[in-house]
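Single-structure report; data block below.
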Amino acid sequence: MSGGPAVRISIESSCEKQVQEVGLDGLETYVPPLSMSQNLAKLAQRIDFSQGSDSEENGVDSEPRDGEWGKQEPEEEEDTVKFQPSLWPWDSVRNNLRSSLTEMCVLYDVLSVVKEKKYMALDPVSQDPTAGKTPQVFQLMSKKKSLATAAQLLLKGAEKLSKSVAENQENRRQRDFNTELLRLRSQWKLRKVGDKILGDLSYRSAGSLFPHHGTFEVIKNTDIDLDKKIPEDYCPLDVQIPSDLEGSAYIKVSIQKQSPDIGDLGTVNLFRRPQKNKPGTPWHIKLEAAQNVLLCKEIFAQLSREAVQIKSQIPHIVVKNQIISQPFPGLQLSISLCHCTGDKKINRSSPEKPKPDDHLYVLEHNLHQMIREFHKQQLSSVVMPHPASAPFGHKRLRLAGPMAYDKAEISSLQQSEGLLEKIIKQAKHIFLRSRTARTIDCLASRIEDPQIQAHWSNINDVYESSVKVLITSHGYEQICKSIQLQLNIGVEQIRVVHRDGRAITLSHQEQELQDFLLSQVPRLRL
Amino acid sequence: MEAPPVTVMPVTGGTINMMEYLLQGSVLDLALESLLHRLRGLCDNMEPETFTDHELVYLLKGQQGNPFILRARRALSHPNAPWHLRYLGQPEVGDKNRYALVRNCVDVAASHSLPEFLNEMGFRMDHEFVTSGHIFRKGAMKVVVCNVSRVQLPGNTENTERMSNSHLVELSVLAPAGQDTVSEDMRSFAEQLKPLIHLEKIDPSKQRH
């Protein structure tokens, strides 16, 4: 076909609108096409802000940095498209623009800080020096120095502590008044009367019936000069004891040959151990000494009362501070109360030289023991009345009336012996024992041919001792029986028991014992 | 047979006229322990002594108004101990300042046939009671802390009933007539018991209603 008329071809887009729905009457409803703004919005949503305008060139660089971010973006876009279809279509665009603005601002700030250096400056972080670069000596020195500083601090603290502890101990040693009072109260009975503190050092609560009050007063020691150094034995508490209990005392019991002149009695100053009563003696020493003085006074008072009241064959003599009695003829037992008050005026020193010490300590001790026994008996539950309304008194005496005891029975119930009788009996026994020992020893040293041995028993009584006397012949022990005598030394007599059981009683005469032993000696002689 | 004439004068002649100095007080059972502790500390150092006694009060109605009263007491805790017969006179009126009550006192120990003897003499038992408690002693002073129980059946000391939930405390001293220092000692002792118990003289004649 060569020449024919030109055919006009018109091209038009299909531009078919999408059908939304087809009505029941065949009418088609088309989806309205997007308007200009809607179209723009749709296109704007598709912008990928992560990619720059020259992203083709720097795509490789930007990829690793913003890759993730970029990947997140389309996901977010898809998310926003999927899950929030009703959102304003420019929303994602706005968010993206906003975040890019933030980024730009930050970059600008950093650049301005680097450039300006006015309010902030970039400072490099100090790098650790690599190990091995610093020398070990330097490390050692630095450690030593730091340890020395720490040690000095600790030492300072320790010094402060030890100083305060020492001060505390010093204060405690200084003993303030209240701690001393507490110590005093733990050992002695105190009571407060008005504003005075009084104490009781008598034995009344232990059963004594001595009428002395035994009250001492506790006073505060204020005569201390604070300027001068406090003396070692300073005590802020002091006691004032009754004036008649001052000083110290003891009871001297001695046996002597009878003094020819009776006028000498009572003038002997028998004090043997002078005690200096310094004003600075601690209170416990003062109180103990005063209590001892009180006890000695009570013993002496009891003894002298008995000496006067009890009738004995040879009357006892009581002169001033001495009681004299005669246990055996020619012998004199003197019991005296020696009380030294420490006052120089009263202490007359005896002109003659001091006699040998014949003080029998055992008897003094026994006197103390006996008076304490007496005290204890006062406190025994035997004196408590049953029924309760009855008066105090020994139980047996209360029975005496209803049981119709006669005088003999009553006297047998009561204690027969007083303190004085007991001590005289003990003195007699001691004297007899020592004289028997002396006699036997004398004979044994005088007679050589049969040997006389004495074996004293260790276990004795206050009123009885025993000794076994053996008379043997040297070399002939097997042939002839030795003579064994058992001597029981009592208060006034010696009882001799032979081996075969015969018993003989000897009196206290020294000569009698000597004669008897001498009579036994030839029995052995062949 | 008419009652023999009886005088209310104290027995004189032969014996020393002993007077009893007395202070009394009471303490509730709740405070008893602390009182006993305090007494244990203040009094003589002995083991605490407990007692249970049965006391019978005998009256002899004479022609005069006031009957003659004798108190017979036996120890239930010590059946072998003798009975104790006591006469207490009227309180002496004298010194108002004297802290303790003073009255004449005659104490006699008697054998176990005492109730029959008194009945034969003409006395009639007025009332009886059982006391039990503790005795303390300080020198010559006696402190008795006891509770009093009523005897319901006469002669039956097993079933007794406490009269109150408090204890009676008596501080007494037996001394010959004329020693007034005794009441001072009692006063100072009573002072030491002060916040726990107030011991004072209670005139028995004023108690009658």
Side-chain angles (χ1 to χ4, degrees), chain A residues 185-215 298 372-406 409-410 413, chain B residues 18 20 41-55 71-86 88 105-114 131-146 170 172-175 181 188-189 191-192:
Chain A
R185 191 156 180 265
S186 67
Q187 294 171 9
W188 297 86
K189 292 203 311 192
L190 298 176
R191 63 181 196 273
K192 203 165 158 72
V193 175
D195 57 349
K196 289 196 289 188
I197 302 174
L198 298 178
D200 183 17
L201 53 77
S202 74
Y203 278 89
R204 261 182 308 175
S205 59
S208 159
L209 298 175
F210 198 52
H212 197 282
H213 55 89
T215 313
E298 182 176 351
R372 288 292 301 134
E373 266 307 310
F374 175 70
H375 290 170
K376 277 200 193 118
Q377 269 189 353
Q378 293 298 109
L379 285 187
S380 74
S381 65
V382 183
V383 295
M384 286 305 235
H386 284 276
S389 55
F392 289 127
H394 201 278
K395 187 172 76 169
R396 301 266 170 81
L397 288 180
R398 229 176 290 129
L399 279 172
M403 309 289 268
Y405 290 155
D406 57 5
E409 284 181 30
I410 293 177
L413 286 176
Chain B
M18 295 297 268
E20 186 200 32
L42 287 172
C43 296
D44 285 349
N45 190 15
M46 294 168 64
E47 285 303 312
E49 189 88 5
T50 55
F51 71 94
T52 310
D53 288 347
H54 174 210
E55 180 157 337
R71 296 171 174 272
R73 196 156 165 156
R74 67 170 168 138
L76 291 173
S77 47
H78 290 67
N80 295 330
W83 283 67
H84 179 233
L85 189 66
R86 190 166 226 216
L88 293 168
C105 171
V106 180
D107 291 296
V108 174
S111 62
H112 291 265
S113 50
L114 183 66
T131 64
S132 73
H134 302 259
I135 315 179
F136 296 91
R137 127 179 226 190
K138 186 176 169 73
M141 291 196 282
K142 182 185 347 176
V143 183
V144 177
V145 180
C146 61
E170 288 180 321
S172 61
V173 178
L174 264 183
T181 50
S188 53
F189 187 77
E191 289 287 322
Q192 296 187 355

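Convention: sequence-line order gives letters A, B, ...; per-chain numbering from 1. The basis for the numbers below is simple: all heavy atoms, side chains too, and nothing from hydrogens, waters or symmetry mates.
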Practice prompt. Compare every heavy atom of F392(A) with every heavy atom of A140(B), then report the nearest pair and how far apart it is.
Written response: O-CE1, 4.0 Å
Discussion item. Heavy-atom pairs under 4.5 Å with chain B: which of P385(A), P391(A), G401(A), A206(A) has the most?
Written reply: P391(A)
Less than 3.5 Å apart and able to act as donor and acceptor by atom type: which atom pairs between chain A and chain B qualify?
from	atom 1	to	atom 2	distance (Å)
Q378(A)	O	R137(B)	NH1	3.3
H386(A)	ND1	H78(B)	ND1	3.3
H386(A)	NE2	E49(B)	OE2	2.9
A388(A)	N	D53(B)	OD2	2.6
A388(A)	O	K142(B)	NZ	2.7
S389(A)	OG	H84(B)	ND1	2.9
A390(A)	O	K142(B)	NZ	2.8

Worksheet item: With a 4.5 angstrom heavy-atom cut-off, which part of L174(B) approaches chain A: side chain, backbone, both or neither?
Response: side chain
Worksheet, complete the sentence: Nearest heavy-atom approach of A75(B) to P387(A) is CB-N, 3.9 Å
Worksheet item: Taking all atoms of both residues into account, what is the closest heavy-atom pair of P82(B) and P402(A), and its distance?
Response: CB-CG, 3.6 Å
Fill in: All side-chain contact (heavy atoms from CB on, under 4.5 Å) counterparts of D406(A), not counting sequence neighbours
A408(A), E409(A)
